[in-house]
Amino acid sequence: MSVDEFVTRTRKLLEKERDAEIEETRVLTEQLPAKELQRRGVCLIKLRLAERSTGLYGRTVAAFQPYWPGNDLPSHNFTPGDIVGVAQEGAAQTDSQVSGVVSRILPNSLQVAFEESDDVFSLDDDKQYRLTKLANDVTYRRLKRALSDLQGYSAGPCQRLINVLFGLTPLTPPTLQQEYNWMNTGLDDSQKEAVKFALAQPEVAVIHGPPGTGKTTTVVELILQAVRKGVKVLALAPSNVAVDNLVERLGARHKRIVRIGHPARLLPHIAPYALDAMVAASDQTSLAADARRDLNNLLGQLKGKRGHSRAGVREEMKQLRREVRKREETATRDILKRADVVLVTLTSASPESPLKLLDENHFDLIVIDECSQALEAACWMGLLHGRRCVLAGDPHQLPPTIMSKQAAGEGLGVTLMERVMKTYGDSVVRMLTTQYRMHRHIMLWSSQKLYGNKLQAHPSVAEHLLKDLPSVEEGETTSIPLLLIDTAGCNLPELDLPQEVSKGNEGEADIVAAHVEQLVQAGVAPQDIAVIAPYNLQVELLRQRLSAKYPSLEIKSVDGFQGREKEAVVISFVRSNNKKEVGFLAEKRRINVAVTRARRHLAVICDSDTVSSDPFLRSLLDYMSDAGQVWSAHQFVQDGLITESSGRPERLENLLSDTASGEQRKKEGGGRKGIGKKAKGEQQLGQSKPQRQTPQAGAESRKPEKQLMSTEDKQPIYEKMLGDFDADESQTFIAFPSTLTSHDRMVIHEVSEKLGLLHVSRGEGKERHLVVSKPGTRPSTVPSGEAGDAASCPGDDVENDDPTALSNAEPSAEETETFPSEAAQEEKPKVKAGSSCRLCGRDVIPANLQLHEAHCGRREHQPAAPASASGAAGGPKKEKKEKKKKPPSQVHQAAQVLGKVADDDFDALIATVKAMDSKCSYKKCKTLTNTLGRNCVHCMRRFCLQHLMPEIHGCGDAAKIHARQTISRERVLHPGSGVPNKKPAPDKRAQMERKLNKKLDEMNDKRTRKDPKKDGAGT
């Protein structure tokens, strides 16, 4: 490709990228109100100009505070270095009076630094202003200028480098390598080889540094060795953080370095190396001290002046600034010439930067760190300053951010580093192969998939785990490097939101919060944990759960962790849908960055059924299932750490202004496909790995759970099991394990009721288990320890002595202690001797004796019904014509339930009363009424708000009678009980009459009366 072709194509792609960014900003600023923009964190409204000052080495700084004193700023996304526009409240969203750079952020104020050309002094102190984030147009202007300079460059020191990078000229053979006295004695062989190779290349060299291999350490050693040879170095990087990292490393070993950049964008500890700080402390600038004092004095005078006097003061200030700038340019030139290393971001190396004060052949070596994250057009801003270059980075990590998909698809995202590696191959590349960050199991997957299996973990990190950290307890979560928590089949779908809204998953957010809690309880410091999510909405959901409790815990997107590392990393993949869409999770470089941030522990929470649709992600899940441990999210649901959801939760209403489109998701049943393998059943809550660990500390290894059986499949098995038990006279009870699911318990209750057996739930919490006994045997006599020796759930291949083989679900409302009906008692006359009714003489079980006698006593007091002809004949016809009995009263129902509880089991009695009192009394309603519920004034039963009306739950007749009695007693029709009386009350009527009479008197006094004398004279 020629230079002209590259410039022409790149210009068109940059225009598309710029249009995409402008369109996104326009949509936000024009279609959304200011309050919505503030809620999204890109705007601050109702601010006042609290203070102006001269700071940041001559720049004007304005502090903005909430208009109402004493208030703090609302939550926002402003950070130091952002470009903001200042506009008066009431103006259009796109209008800005001035723009500046955020320099400092406090809880109740935000400081903005302005350039001299900005008319900051036109802002009034008593007005309300709005600050809005702006798109950075300066970057695009500089990129276009760099392309023009590249196209017009000829016969300069950089000409051969240009020809080599575009493949127009062959590479020059490398120079002879020398022996070096290493500044850093801890370099490994691959790092030393990379430094030697880069210094020997006459035009270009590439240092390929995978995650954790010490790429920045190698670059710093390269710069120091070049400086030792007398080489002037210009070091660049695409971001301020990357440049500051180089400054911090170089400043510890070499002092003659200069950092160019806006002071508001620099880290505080980098300020001594900043060019502006050096210029402010130079001898030339000290001569302008008087001018600076005059500037501060004029700032104070400007506040009280208006009209022509104000314009005169501003003109005088411009002259003083011109004098200061002239002296600062002289000081700047001297400082840059004396420096051995100059460091600057790529877009700040433009011809308008202080580099214009140096000769074009001043620098010998150009070093670009993190080159794989920068647009090629940005790299040419710095490359035009030198004769040879070294490109350092990793093309398998995050690429440059491009908003236009069309521009990215047409080649704007192809970086200079990728193009050079494709053109010259290994002849210009040296790869670092020893990594110093990750446990070898965390490293191995990325090494195999992206780096040709060339990476080797250094012995110091190859086996390190969380348990090796000080004050961290050895446990289940701290002893494993890889953990996969699978949500497939657990009904934890992603939120069904409009397309323009980011993605989120409440269930995965709950699991992440639970796992972070486990790590912290094990002793891992919150600042050593990172939570990564690929979507901004998921980041907000995670921050809602964790940030308040753990302020030092970092929760960011993948982009926010580029170049970072943490001891433990928890990743939420978010996507879980029936269409198996993974979105931009399919971007390999993004996933590689997220996974390789972890040092000792990596946990991934995802729906394997959805995520496995992408081959690259499926390879990650397969590797984690083989090299690590796999848990099912079902365990978190069973333990009550999360709740299943099928739609958008109400708590998202304060996060999103848009309403969710479409119907709520249907519950995702079954169909879990194993990691890389197809499941055999419709629903499976286990995983393909032979064993997995439960989240509880110290739990035994669990065996994979079999496919759940339906009620029709299990009922015959339980009928046979309980039938054999009933026929075996040597057995008096059978205790089922506490690990039965609620589904299994329901089936056992139904079968026991059908066979006339006693079925009681015993124990509390995780020890809750089901005991089935024969009539005449008290369940309270069953030893609690025998519950674990019961038969296992049919259809589940588990051992009887494995207490964790089944789930630990709490009993549902249907699982309360119940006993067989009276008809079942007649079918099963096996009762204890002496347990007979004293009224009818029928044998009944002891638990129902008192209730049966009460029932017999009530029947004796009822009048006998007349027998009809058909009734005398008997048979089925008599039963059909019998009058239907009224349902038992609430008191009788309560007596029935309490009568089924063992007399000596006081705890079970209290638990039964609490269970009865905590639910709505309406039939089939299971709503809890502890908080939201009221008692009916007629039947004194407690109902939820939905069934509280007397007409709904059966007290309609009582309510009518009560209303008639009230009207008869009070002789008043209350509102809503009849035709409203529109006549005013007597006291109000009297007040209105007094006002009317007063008004009439006033009008009568104002009437003009005839003079009687004049009337007489006229006659």
Side-chain angles (χ1 to χ4, degrees), residues 186 188 190-191 209-218 241-242 245 249 394 396-398 432-451 454-485 512 515-533 546 550 552-572 589-605 620 623-624 627-629:
D188 59 57
S190 64
Q191 292 172 333
T213 54
K215 172 180 56 63
T216 304
T217 302
T218 306
V241 175
N245 191 21
R249 300 282 191 93
D394 182 10
H396 299 304
Q397 296 192 51
L398 288 181
L432 308 180
T433 57
T434 303
Q435 68 89 15
Y436 300 86
R437 175 187 300 167
M438 296 166 278
H439 189 283
R440 60 185 181 89
H441 289 323
I442 301 176
M443 171 205 70
L444 189 57
W445 172 75
S446 60
S447 177
Q448 293 174 345
K449 301 298 294 185
L450 300 173
Y451 302 108
K454 295 180 181 180
L455 298 184
Q456 297 293 330
H458 191 267
S460 61
V461 300
E463 301 292 340
H464 66 176
L465 296 168
L466 289 177
K467 66 179 183 179
D468 301 328
L469 293 173
S471 71
V472 175
E473 300 176 357
E474 181 176 358
E476 190 175 25
T477 56
T478 61
S479 302
I480 53 176
L482 292 174
L483 172 62
L484 174 64
I485 302 177
V512 171
H515 187 60
V516 169
E517 187 71 26
Q518 291 175 346
L519 293 176
V520 174
Q521 290 179 357
V524 183
Q527 58 268 23
D528 291 334
I529 305 173
V531 177
I532 300 177
L546 295 168
Y550 305 113
S552 59
L553 176 69
E554 287 194 68
I555 307 173
K556 294 181 180 179
S557 63
V558 181
D559 303 63
F561 278 103
Q562 173 78 355
R564 307 279 306 285
E565 62 181 42
K566 290 288 185 178
E567 300 293 346
V569 172
V570 184
I571 306 174
S572 171
R589 292 180 286 190
R590 189 175 301 275
I591 299 301
N592 181 40
V593 170
V595 169
T596 56
R597 299 308 97 193
R599 287 176 51 83
R600 303 169 186 263
H601 177 79
L602 172 67
V604 174
I605 295 91
L620 173 62
Y623 172 77
M624 295 191 70
Q629 292 189 11

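In this chain, residues are counted from 1 in sequence order.
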If the condition is side chain to side chain contact (heavy atoms under 4.5 Å, CB included), which residues does [X] pass it with, not counting sequence neighbours?
X: I480; result: L483, H601, Q629
X: S572; result: E508, V512, Q538, V574
X: E463; result: H439, R440

Point to revise | Main-chain N/O of L450 paired with H396 side-chain donor or acceptor, under 3.5 Å | key: yes
Exercise for review: Look only at the side chain of S447 and the backbone of L455, and say whether a donor-acceptor pair between them is shorter than 3.5 Å.
Suggested key: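 Yes, the answer is positive, given that a donor and an acceptor are paired below the 3.5 Å cut-off.
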Under 4.5 Å between any side-chain heavy atoms of [X] and [Y], yes or no?
X: I571; Y: I591; result: no
X: Q527; Y: L553; result: no
X: I442; Y: R437; result: no
X: K566; Y: R597; result: no

Taking only residues two or more places apart in sequence or in another chain, which ones pass side-chain hydrogen bond (donor to acceptor under 3.5 Å, both in side chains) with [X]?
X: D394; result: H208, Q397, Y451
X: Y550; result: E517
X: T216; result: none
X: D188; result: S190, Y436

With sequence neighbours left out, write down each residue that passes salt bridge (charged side-chain N to carboxylate O under 4.0 Å, His left out) with [X], or none if nothing qualifies.
X: R599; result: E565, E567
X: K556; result: E554
X: R249; result: none
X: R589; result: E418, E587

Can you list, pair by pair, the side-chain donor-acceptor contacts under 3.5 Å of residues 466-474, counting residues two or more places apart and other chains?
| residue | atom | partner | partner atom | Å |
| --- | --- | --- | --- | --- |
| D468 | OD2 | L465 | N | 3.0 |

**Study point:** Test log, rule side chain to side chain contact (heavy atoms under 4.5 Å, CB included), inputs Q191 and T434
**Key:** CA-CA 9 Å; Q191 292 172 333; T434 303; over 6 Å; no
Rounded to the nearest 0.5 Å, what's the gap from [atom1] on [X] to [atom2] on [Y]? Could you check?
X: Y623; Y: K449; atom1: OH; atom2: NZ; value: 12.5 Å
X: T596; Y: W445; atom1: OG1; atom2: CH2; value: 9.0 Å
X: Q456; Y: L444; atom1: CD; atom2: CG; value: 9.0 Å

Heavy-atom pair with the smallest gap, counting every atom of [X] and [Y]:
X: I555; Y: L546; value: CD1-CB, 3.9 Å
X: I532; Y: A594; value: CD1-O, 4.0 Å
X: A598; Y: M438; value: O-CG, 3.0 Å
X: L484; Y: M624; value: N-CE, 4.2 Å
X: A627; Y: L482; value: CB-CD1, 4.0 Å
X: Q518; Y: T477; value: OE1-CG2, 3.7 Å

Practice item. Decide side chain to side chain contact (heavy atoms under 4.5 Å, CB included) for V516 and V520; before the verdict, give the C-alpha distance in whole Å, the side-chain angles of both, and the deciding distance to 0.1 Å. Key: CA-CA 6 Å; V516 169; V520 174; 4.2 Å; yes
